[in-house]
Protein chains: 2
Amino acid sequence: MDTLELVKEKFILHWGEMGSLWGINRTMAEIHALLLISPDPLSAVEIMQELKTSRGNVSMALRELIAWGIVNRVHHKGERREFYNTEKDVWVLFRVIARERKKRELDPTIEVLRQSVKDLECLSSQEAEYERKQLKNLLEFFETGIQVYEELEAQAPHSILKLLGQALSLKKRISG
Amino acid sequence: MDTLELVKEKFILHWGEMGSLWGINRTMAEIHALLLISPDPLSAVEIMQELKTSRGNVSMALRELIAWGIVNRVHHKGERREFYNTEKDVWVLFRVIARERKKRELDPTIEVLRQSVKDLECLSSQEAEYERKQLKNLLEFFETGIQVYEELEAQAPHSILKLLGQALSLKKRISG
DNA sequence: ACAATCTTTCAGTAGTTTCTGAACGATTAA
DNA sequence: TTAATCGTTCAGAAACTACTGAAAGATTGT
């Protein structure tokens, strides 16, 4: 087996592992990895063969990936088959994922926290007091997180993290 | 059931859900939530009763949480039982988790990418070229991520995200 | 209309993770 | 020593998630 294939396989497997650590399943992550390093869009059959998995599984995983906004369908005219593509720019990818995770995780959490703090507002036992304090802290944390997210979203066409790094060292130079 | 208990339960359940979305299991996340809003350290039995789960499960989950560095054992003298505590400062908690995730996820990924790029260095087919380009981009992304992480780690005793927000708006004011 | 080629769906299965509870070990007190 | 109380471990059960493959749906060509 040649180097290219070996590296490809290692990368795909690793990406699959990482996928499971985050909330997405192995097949999804593997497909994403495969598309990321493929110069051209691939058909479902090619993906299926490359990853040695079933047709149905590929179909379901692609559906999910498309829902995440990470994969696009590509239609070649005069072709019956559909082809699939992923966003190739890592930084753009990061933004898409960040937006989706915010929607799925941050927003609902903030909602729960806001409601909880509100519900506890009128109680005055020791315990309620403490709980309210803690939940308020959490809420503040997540709200700041969202602010940072929006700051990023608003200005960054590219190189989000790089920008962050610059911003931080800038701040360090100026204020201490 | 009173408001306090209701809010407590809702928060614990929600935190448990979120935990599963990230890589940690429900019980771990629930225990963490419970400790976070408890004014005082709790014993294993109290946790067990509060979450309606088994003794063994609590023991295992606590072991994991301690391994993450999120929960501490507290020994009261003259007490046979152990009590358990979590870091109450959300910002500190964030740092601990960030460090751990870096170690478990970022570092190994960077390792794979470095090795892969190196392995591809001497190949020159179209495909190898493209693959190398993509992996290099990924590598750059993760390396920048780590830089930002270290920047944060180095300076922030508190309010990490807040700092980030400030840094960003500062940068915006100065440079565009 | 029929065949060919592709996608989607979903019931059932395989595989994985989480949880339970009984067994065991350690510590303290009587 | 024995009983009581606590923590830990781990085999097996339960719950959950991912995957397969056959069936059905869609589209195109003959």
Side-chain angles (χ1 to χ4, degrees), chain A residues 12-35 40-68 70-85 104, chain B residues 12-13 15-35 40-68 70-86 104:
Chain A
I12 290 175
L13 290 182
H14 181 81
W15 210 241
E17 291 286 309
M18 286 301 109
S20 338
L21 282 184
W22 292 55
I24 85 172
N25 79 38
R26 216 186 63 233
T27 306
M28 281 173 69
E30 286 184 357
I31 292 180
H32 177 243
L34 177 61
L35 293 177
D40 304 302
L42 300 179
S43 70
V45 177
E46 287 169 310
I47 293 171
M48 179 187 138
Q49 287 165 348
E50 193 84 44
L51 303 182
K52 294 176 182 39
T53 184
S54 71
R55 191 170 268 274
N57 197 21
V58 169
S59 176
M60 288 185 301
L62 283 171
R63 169 154 41 90
E64 275 276 298
L65 284 166
I66 291 170
W68 268 84
I70 286 176
V71 165
N72 301 337
R73 234 182 268 279
V74 181
H75 191 70
H76 291 179
K77 48 185 167 184
E79 260 286 9
R80 186 97 84 74
R81 289 173 295 174
E82 301 281 358
F83 290 82
Y84 302 90
N85 217 357
R104 297 183 187 206
Chain B
I12 289 175
L13 290 182
W15 210 240
E17 290 288 308
M18 287 301 108
S20 340
L21 282 184
W22 292 55
I24 86 171
N25 79 39
R26 216 185 64 234
T27 306
M28 280 173 68
E30 286 184 357
I31 291 179
H32 177 244
L34 176 60
L35 292 178
D40 304 302
L42 300 179
S43 69
V45 177
E46 286 169 311
I47 293 171
M48 180 188 137
Q49 288 165 347
E50 194 82 45
L51 302 182
K52 293 178 184 38
T53 185
S54 71
R55 186 173 273 272
N57 197 21
V58 169
S59 176
M60 291 184 299
L62 282 172
R63 169 151 44 88
E64 275 275 298
L65 284 166
I66 290 170
W68 269 84
I70 286 175
V71 163
N72 302 336
R73 235 182 266 280
V74 181
H75 190 72
H76 290 179
K77 49 186 168 184
E79 259 287 8
R80 185 99 85 75
R81 290 173 296 174
E82 301 280 359
F83 289 82
Y84 301 90
N85 217 356
T86 189
R104 296 182 186 204

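In what follows, every chain begins at residue 1, and chains take the letters A, B, ... in the order their sequences are listed. Atom set for the values below is all heavy atoms of this structure, side chains included, hydrogens, waters and symmetry mates excluded.
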Side chains of B:Met28 and B:Asn25, heavy atoms from C-beta outward: is any pair under 4.5 Å?
yes

Partner residues of A:Phe83 under the ring-ring contact (aromatic ring centres under 6.0 Å, His included) criterion, sequence neighbours left out:
A:His76

Could you state the atom-to-atom distance from CG of A:Asn25 to P of C:dG15 in whole Å?
16 Å

Which of residues 51-58 of chain A have a heavy atom under 4.0 Å from DNA chain C?
A:Arg55, A:Gly56

Salt bridge (charged side-chain N to carboxylate O under 4.0 Å, His left out) filter on B:Arg81, not counting sequence neighbours, yields B:Glu79

Base, sugar-phosphate, or nothing: which does B:Thr27 touch, judged by heavy atoms less than 4.0 Å apart?
sugar-phosphate

To the nearest Å, how far apart are A:Gln49 CD and C:dC6 P?
11 Å

Listing, residues 44-54 of chain A side-chain donor-acceptor contacts under 3.5 Å, not counting sequence neighbours, or none:
residue: A:Glu46; atom: OE1; partner: A:Ser43; partner atom: N; Å: 2.8
residue: A:Glu46; atom: OE1; partner: A:Ser43; partner atom: OG; Å: 3.2
residue: A:Thr53; atom: OG1; partner: A:Asn57; partner atom: ND2; Å: 2.9
residue: A:Ser54; atom: OG; partner: A:Asn57; partner atom: N; Å: 3.2

Send over the distance from A:Arg80 CZ to C:dT7 C1', rounded to a whole Å.
10 Å

Round to the nearest Å and state the distance from B:Arg63 atom CZ to C:dC19 atom C1'.
14 Å

If you assign B:Met60 and A:Met28 each to the DNA chain D nucleotide with the nearest heavy atom, which residue ends up on the more 5' nucleotide?
B:Met60

Decide yes or no on side chain to side chain contact (heavy atoms under 4.5 Å, CB included) for B:Trp68 and B:Ile24, but give the supporting numbers first.
CA-CA 10 Å; B:Trp68 269 84; B:Ile24 86 171; 4.2 Å; yes

Among pairs that include at least one residue of residues 15-26 of chain B, which meet salt bridge (charged side-chain N to carboxylate O under 4.0 Å, His left out), considering only residues two or more places apart or in two chains?
B:Arg26-B:Glu30

5' to 3' on DNA chain D, which nucleotides open and close the contacts with chain A (atom under 4.0 Å from a heavy atom)?
D:dA18 to D:dT28

Rounded to whole angstrom units, what separation is found between the CD atom of A:Glu17 and the P atom of C:dT16?
11 Å

note: A:Arg81, atom CZ; C:dT8, atom P; distance rounded to Å ~ 15 Å

How would you list, by chain and number, every residue that makes a side-chain contact (heavy atoms from CB on, under 4.5 Å) with B:Asn72, sequence neighbours excluded?
B:Asn85

I'd like to check the side-chain contact (heavy atoms from CB on, under 4.5 Å) partners of A:Arg73; sequence neighbours left out, ordered by chain and number.
A:Ile66, A:Glu82, A:Tyr84

Partner set under side chain to side chain donor-acceptor pair (under 3.5 Å) for B:Arg104, not counting sequence neighbours:
B:Glu100

